[in-house]
Amino acid sequence: MGKLQGKVAVITGGSTGIGFATAQLFVTEGAHVFITGRRQKELDQAVDAIGTNISGVRGDVTNLADLDRLYETVGMKGRLDIVFANAGLGEFAPLGGITEEHFDTLFNTNVRGALFTVQKALPLLNDGGSIILTGSVAGVKGTPGFGVYGATKAAIRCFVRSWTVELKDRGIRSNVLSPGPIDTPLVGQQPEETIERIVSTIPMGRMGEPGEIAKAALFLASDDSSFITGIELFVDGGRAQI
Ligand code: NAD
């Protein structure tokens, strides 16, 4: 028996990186997973790679009509047990160089997108369900250029404090999973010297792998974390712990 046998999960931003690795693991553990992504081709490739118990629904988390369509599709299958609001963008600009577009893009995707991904899931979400948001060490650490990105991750950490009490009567747990630097397309686009600088700040001396975040997401999604709610779980090789 898998740890998520018979469960239904939604993972946004599931075509690549952390979302894809988590979808793979959740399916291996017995769940049916709906992944979302904006690009049909990448979404189809991810669905083909996982093979069974996986559905792709194209959609942008900043578009509320897309989220409605996502949950209409999920609702046709039945109810929902796990929401992993993972879709996010990393864009970096130092104070003095921050544009309105940089601010709006990051907050619309990382904060507004995560909020409505969860709020619109609530009517379908079973009592006892699990909500997981992807935060970041950037929410608690200062790094040049990361001001707005870090603020988006601090904002979603704040959401789960309130949701923990708002949803307690339904037994729904809300937690933030905060990765340190992970080897995904989001970080891989950075220049070599930026990656070297990032790695030099990690006590374990390496980047993490998407599968290491997936294992922590499985913990928060499953009954293994049955007495855990409202936390921020760092999976960061020690980056934000020193
Ligand atoms: P990634 O780029 O592989 O994954 C992000 C996914 O979100 C992509 O599939 C992207 O297409 C999707 N996405 C972006 N905007 C979207 C939108 N508006 N609607 C729908 N989907 C959208 O990178 P990743 O590292 O796997 O990122 C996943 C999450 O992890 C993000 O929230 C990111 O902020 C967070 N994170 C990543 C790292 C890291 O080092 N990789 C560290 C801390 C936090």
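When a ligand or atom number is given, it counts from 1 through the structure's own listing order.
- Counting only heavy atoms from C-beta outward, the side chains of K153 and V140 never approach each other to under 4.5 Å.
- Listed by chain and residue number, nothing satisfies the side chain to side chain donor-acceptor pair (under 3.5 Å) test with D183 (two or more places apart in sequence, or in another chain).
- One finds no salt bridge joining K41 and D44 here, because no Lys/Arg side-chain nitrogen approaches an Asp/Glu carboxylate oxygen to under 4.0 Å.
- For ligand 1, the 4.0 Å heavy-atom shell contains residues G13, T16, G17, I18, R38, R39, G59, D60, V61, T62, N86, A87, G88, L89, T109, T134, G135, S136, Y149, K153, P179, G180, P181, I182, T184, P185, L186, V187.
- Within the structure, side-chain hydrogen bond (donor to acceptor under 3.5 Å, both in side chains) pairs that include any residue of residues 109-126 comprise D68-K120, R79-N126, D81-N126, N110-T152 (at least two apart or interchain).
- Across N175, I231, L133, a single residue satisfies side chain to side chain contact (heavy atoms under 4.5 Å, CB included) together with V160, and that is L133.
- By the side chain to side chain donor-acceptor pair (under 3.5 Å) test, R170 pairs with D127, sequence neighbours left out.
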